[in-house]
Novice: 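This structure is in structure tokens; I'll ask about it shortly.
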Protein chains: 2
Amino acid sequence: MSRILPHPTREQIELPGVMDCLSDPIRLAIVYNLAKREKEVGELRCGDFYGLSGKSNLAYHFAKLREAGLMETRAVGTARLMKLRREDLESRFPGLLDAVLASAERDAERLQLPVLEFTEA
Amino acid sequence: MSRILPHPTREQIELPGVMDCLSDPIRLAIVYNLAKREKEVGELRCGDFYGLSGKSNLAYHFAKLREAGLMETRAVGTARLMKLRREDLESRFPGLLDAVLASAERDAERLQLPVLEFTEA
DNA sequence: CAAATGGTTCAAGAAATATTGAACATTGCG
DNA sequence: CGCAATGTTCAATATTTCTTGAACCATTTG
């Protein structure tokens, strides 16, 4: 399971791909939770998101997020640790992620954005 | 042709709908051009966008943009004049539209964002 | 080595979106 | 009124995206 997971370089990150990722409720919830726990834990594992959907469906969304350049995934043992590519996103699209996250936070209830519980690493 | 075109109120504008609109190349091009000519002409007509796609396809995208709250459409004679709902968007999602437009401008070539020619009102 | 853990991949089906062309509606004009 | 101009709507199709479950793979653990 340690096949190389393809990540775009910073320069390869495209606006439409990012916007598309953030327009899907499940992916927005993933990014939202990733951002929310960013300072504390930094990275999260796939299993932390099982509240959102089934395993294989999540794998699909993770791949989209990774391929669009929103997050970075690294394999550690049997797990995968994921984190937001904040700096890359900020560099390519200044202010965009923050604006989206702030709006998401404000509308969290309305958007039914779940705040997940995370296992301690 | 003057049936009432439904517009959401400011409060009804939802983040996913807006993001989804901006993730489509045609709709992004529409918004981009709308923003670009905003100061000069303010409003644009459907026909100004015929370079992007066919009439009926554009009508479909216009409806999406309108229903998502990105633009306002008013009927004037046989034409429709459209403009960005800048203030409403800024109020609901501060900084979002500007961040998207700035990134789109920077990547205009790469995204092949066409700058259309507009008929004088 | 065998089994458990944590995820990915694949194929299939469901559902949502986008695109097209033809028909229709409204307004403006001679 | 009759016709042109400007868009919309509808139905059909094409395309894309999402979702699910089963099979699979790699890593750790006993």
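All values below were derived from every heavy atom in this structure, side-chain atoms included, with hydrogens, water molecules and symmetry-related copies excluded. By convention in this document, chain letters (A, B, ...) are assigned in the order of the sequence lines, proteins followed by strands, and residues within each chain are numbered from 1.
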Novice: Please report the distance, rounded to the nearest Å, between NZ in Lys55(B) and P in dA5(D).
Specialist: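 My rounded result for the distance is 11 Å.
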
Novice: Write down the distance between CG (Asn57(B)) and C1' (dT9(D)), rounded to a whole number of angstrom.
Specialist: 14 Å

Novice: Minimum heavy-atom separation for Ser103(A) to Arg92(B), with atom names?
Specialist: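 Taking Ser103(A) first and Arg92(B) second, the nearest heavy atoms are OG-O, 4.0 Å.
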
Novice: Would you indicate, yes or no, if dC18(D) has its OP1 or OP2 atom less than 4.0 angstrom from a side-chain nitrogen or oxygen of Arg27(A)?
Specialist: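 Yes.
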
Novice: How many Å lie between CG on Leu81(B) and C1' on dA5(D), as a whole number?
Specialist: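 Answer to the nearest Å: 15 Å.
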
Novice: Let's see if you can work this out: which of dT8(C), dT8(D), dA18(C) has an atom nearest to the side-chain heavy atoms of Ala59(B)?
Specialist: dT8(D)

Novice: Compare all side-chain heavy atoms of Val115(B) with those of Arg37(B) and state whether any distance is below 4.5 angstrom.
Specialist: yes

Novice: Is it true that atom CD of Glu40(A) has more than 12 heavy atoms of other residues, nucleotides or ligands lying nearer than 6.0 Å?
Specialist: yes

Novice: Output the rounded distance in Å from CG (Leu5(A)) to C1' (dG7(C)).
Specialist: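 Taking atom C1' of dG7(C) as the reference, CG of Leu5(A) is at 10 Å.
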
Novice: Within the structure shown, what part of the strands sits under 4.0 Å from Ile26(B) by heavy-atom distance: base, sugar-phosphate, or nothing?
Specialist: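 Sugar-phosphate contact only.
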
Novice: Between C1' on dT6(D) and CD on Glu43(B), what's the gap in Å once rounded to a whole number?
Specialist: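 In whole Å, dT6(D) C1' and Glu43(B) CD are 16 Å from each other.
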
Novice: Identify which nucleotide among dT6(D), dT9(C), dT19(C) has an atom closest to any side-chain atom of His61(B), counting heavy atoms from C-beta outward.
Specialist: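 From the listed options, dT19(C) comes nearest.
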
Novice: By nearest atom, which of the nucleotides dA5(D), dT20(D), dT28(D) is closest to the Thr78(A) side chain?
Specialist: dT28(D)

Novice: Nearest nucleotide by nearest heavy atom, which residue falls closer to the 5' end of DNA chain D, Lys64(A) or Leu58(B)?
Specialist: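 Mapping each residue to its closest nucleotide by heavy atoms, the 5'-most match is Leu58(B).
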
Novice: Please report, rounded to the nearest Å, how far the P atom of dT8(C) is from the CZ atom of Phe49(A).
Specialist: 12 Å

Novice: Within the structure, does a side-chain N or O atom of Ser53(A) lie under 4.0 Å from either OP1 or OP2 of dT20(D)?
Specialist: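 Checking Ser53(A) against dT20(D): at least one side-chain N or O falls below 4.0 Å of OP1 or OP2.
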
Novice: Of the nucleotides dG7(D), dA18(C), dC18(D), which has the atom closest to the Asp24(A) side chain?
Specialist: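 Looking only at heavy atoms from C-beta outward on Asp24(A), the closest nucleotide is dC18(D).
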
Novice: Which residue, Leu116(A), Leu81(A), Leu34(A), Leu84(A), forms the side chain to side chain contact (heavy atoms under 4.5 Å, CB included) with Leu44(A)?
Specialist: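 One option only clears the test, and that one is Leu34(A).
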
Novice: Can you tell me the distance, in whole Å, between the CG atom of Asp48(B) and the P atom of dG7(D)?
Specialist: 8 Å

Novice: For a quick check of understanding: with a heavy-atom distance under 4.0 Å over all strands, which category does Gly47(A) fall into, base, sugar-phosphate or nothing?
Specialist: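 Sugar-phosphate contact only.
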
Novice: Is the phosphate of dG6(C) approached by Arg80(A) (side-chain N or O, under 4.0 Å from OP1 or OP2)?
Specialist: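 Checking Arg80(A) against dG6(C): no side-chain N or O falls below 4.0 Å of OP1 or OP2.
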
Novice: What are the two closest heavy atoms between Ala35(A) and Arg86(A), and how far apart are they?
Specialist: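 Scanning both residues completely, I find the closest heavy atoms to be CB-NH2, 4.5 Å.
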
Novice: In whole Å, what is the span from the OH atom of Tyr60(A) to the P atom of dT17(D)?
Specialist: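 These atoms are roughly 7 Å apart.
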
